[in-house]
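Everything below concerns the one structure shown next.
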Protein chains: 2
Amino acid sequence: MGSLTEENYIKSIYALSQATGEVFVSELARKLEVKLPTVNSMIKKLASKKIVAYAPYQGIKLTEKGKREALGIIRKHRLAELFLVKVMGLGWEEVHDIAEQLEHVNSTRFYARIDELLNYPGFDPHGEPIPDSNGKMQLQKRTSLSDLDEGEAATITAVANDEKTFLDHLNAKSLQIGDRISILKKELFDGSITLQLKSKKEVMLTHQVAERILVDTLNSK
Amino acid sequence: MGSLTEENYIKSIYALSQATGEVFVSELARKLEVKLPTVNSMIKKLASKKIVAYAPYQGIKLTEKGKREALGIIRKHRLAELFLVKVMGLGWEEVHDIAEQLEHVNSTRFYARIDELLNYPGFDPHGEPIPDSNGKMQLQKRTSLSDLDEGEAATITAVANDEKTFLDHLNAKSLQIGDRISILKKELFDGSITLQLKSKKEVMLTHQVAERILVDTLNSK
DNA sequence: ATATAATGTTAGACTAATCTAATAAATTAA
DNA sequence: TTAATTTATTAGATTAGTCTAACATTATAT
Ligand SMILES: [Mn+2]
Ligand SMILES: [Mn+2]
Ligand SMILES: [Mn+2]
Ligand SMILES: [Mn+2]
């Protein structure tokens, strides 16, 4: 087990690499809100621990060991979030910050029990897959709501952002995971979208918001 | 809020001061398993933050501010322990180490919710009083089982030690908080004690163990 | 009352994690 | 293909928390 700081680097490298595969020192510095030389020296340390592969001026890549560590932390984060919602009755908009702390708790027993109480869940409150204890997670299509065309229908499966301000916004528009929606209108000018909910209510979303909502277009009725 | 390290110093100072009022640098060093100069410099820092009062070669005393901080941490520790037992179904012998980590979680919401789910409990799974959000806790008599005489009866109200090995020992002897017991025999030679449980079963305890069991002698029928 | 033991302090060094300033390499644009 | 820009590295400093070695103070025991 590394330090809390190391864990946060590993988690961020994993998150950034999901898109591209490789991560640059500058990206990581931006994400972690530290300066470049700070990241540079931490990366050297993680490289010496065989958690990342790194050669100067090349990108950073997690090793298998690094990936395993990352998935372990992500597993704890997501289990914690679901536990906070399902067992403790907190809102999906307020659990991320607490999970940022709980993900560093070192106790197999604690997390095994959470997993058990939740009946080995596959997804967190934001629709993100929860890695199992071997790091395997269920696949999911991640189509952005902003990529749908007028007339199309879909089910909200996840959100690409855990921040309170974003989720408060969705709460205000009464959008939740699992909701069936259809696209009434898509503005060419600014990409904003008008949806119809199952309740027949109409909601307008800016492109910024829509692109962070992930949907499944299978008519899973 | 101080750092995790500072919080651990504050908690230990509080614990040690419960008996004596004043705490010596050496005691604290022993408890925290660090060397004297380490404590010396940390104490200077805590003094500059007005968390302790300290003059060289005198004892360390928590200020009001320090006491408030200490009680806040103890509150979180004990709420966490009870939550782990009552809501998560863990054993009283395995919760202390997890609570050592959870006590540093910084989230009013998390702890308010635990408090609420447990219905504002007064005591933790080891019988220790839980400070309320103002730092007030219920008084309790703390008579040690080793101070009772032959023939006396009492109810186990608390244990003076949270460690797994000790609690595993009590589990093996089937002793629990709330159990009514009576003293059958007290050996003068080594202070060991033989008890009778309500189930009529007899158990022998060494002095070492008996002195860590706290009882209430009121014949609370 | 002095020696011995126990306890506490100071000085100086180390590691982890951070920073700023200076420099170097790689990329992009003119 | 040189210049400008972006990106990364090195050097050196800082803070938190720890250590060892040397010294100082206080308490205790002849
Ligand atoms: Mn999250
Ligand atoms: Mn999430
Ligand atoms: Mn405890
Ligand atoms: Mn306890």
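Note that the structure is predicted; figures quoted are calculated from it, not measured. Each chain gets a letter, A, B and so on, in the order its sequence line appears, and its residues count up from 1.
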Write out a two-atom table: protein N or O, nucleotide N or O from nucleotides 27-29 of chain D, distance below 3.5 Å.
none

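Remark: P of dT10(D) and CD1 of Ile43(A) are 13 Å apart, rounded to the nearest angstrom. Look at NZ on Lys45(B): it is 12 Å from C1' on dT18(D), rounded to the nearest Å. Summarising the geometry, the separation between CD on Glu6(A) and C1' on dT15(C) is reported as 12 Å, rounded to the nearest angstrom. We find that NZ of Lys35(B) is positioned 18 Å from C1' of dC23(D), with the value rounded to whole Å. Taking atom CG of residue Leu28(A) and atom P of nucleotide dT18(C), one finds them 11 Å apart after rounding to whole Å. For the pair Leu4(B) CG and dG17(D) P, the computed distance is 9 Å after rounding to whole Å.
Regarding contacts with the backbone of dA16(D), every side-chain N or O of Tyr9(B) stays at 4.0 angstrom or more from both OP1 and OP2. Look at Thr38(B) and you won't find any side-chain N or O under 4.0 angstrom from OP1 or OP2 of dG17(D).
Using a 4.0 Å cut-off between charged nitrogen and carboxylate oxygen, Glu100(B) and Lys11(B) count as a salt-bridge pair.
His96(A) is linked by a ring pair (Phe, Tyr, Trp, His ring centres under 6.0 Å) to His77(A), counting only residues two or more places apart in sequence or in another chain. Here Glu150(A) pairs with Lys185(A) under the salt bridge (charged side-chain N to carboxylate O under 4.0 Å, His left out) rule; sequence neighbours left out.
Note on Thr5(B): only backbone sugar-phosphate atoms sit closer than 4.0 angstrom, heavy atoms only; bases stay farther off.
No donor-acceptor distance shorter than 3.5 angstrom exists from the side chain of Arg212(B) to the backbone of Asn161(B), with no hydrogens or angles considered. Although no hydrogens or angles enter the test, the distance criterion places a donor-acceptor pair under 3.5 Å between the side chain of Thr63(A) and the main chain of Lys50(A). Not one N or O on the side chain of Ser17(B) forms a donor-acceptor pair closer than 3.5 Å with the backbone of Val23(B). Checking side-chain atoms of Lys61(A) against main-chain N and O of Gly21(A) turns up no donor-acceptor pair under 3.5 Å.
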Expected string for nucleotides 6-14 of chain C under the B/S/- scheme (protein heavy atoms, under 4.0 Å, primed atoms plus P, OP1, OP2 as sugar-phosphate) is -SBBB----
Trace of the side chain to side chain contact (heavy atoms under 4.5 Å, CB included) decision for Lys164(A) with Asp97(A):
CA-CA 9 Å; Lys164(A) 182 160 191 307; Asp97(A) 291 345; 5.5 Å; no
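Taking CD of Glu211(A) as the start and OG of Ser144(A) as the end, the distance is 6.0 Å to the nearest 0.5 Å. Remark: Ile114(A) CD1 to Leu102(A) CG distance equals 7.0 Å, nearest 0.5 Å.
Listed by residue number, there are no residues of residues 96-107 of chain B with a heavy-atom contact under 4.0 Å to DNA chain D.
The list of side-chain hydrogen bond (donor to acceptor under 3.5 Å, both in side chains) pairs with a residue in residues 30-47 of chain A, not counting sequence neighbours, reads Glu6(A)-Lys45(A).
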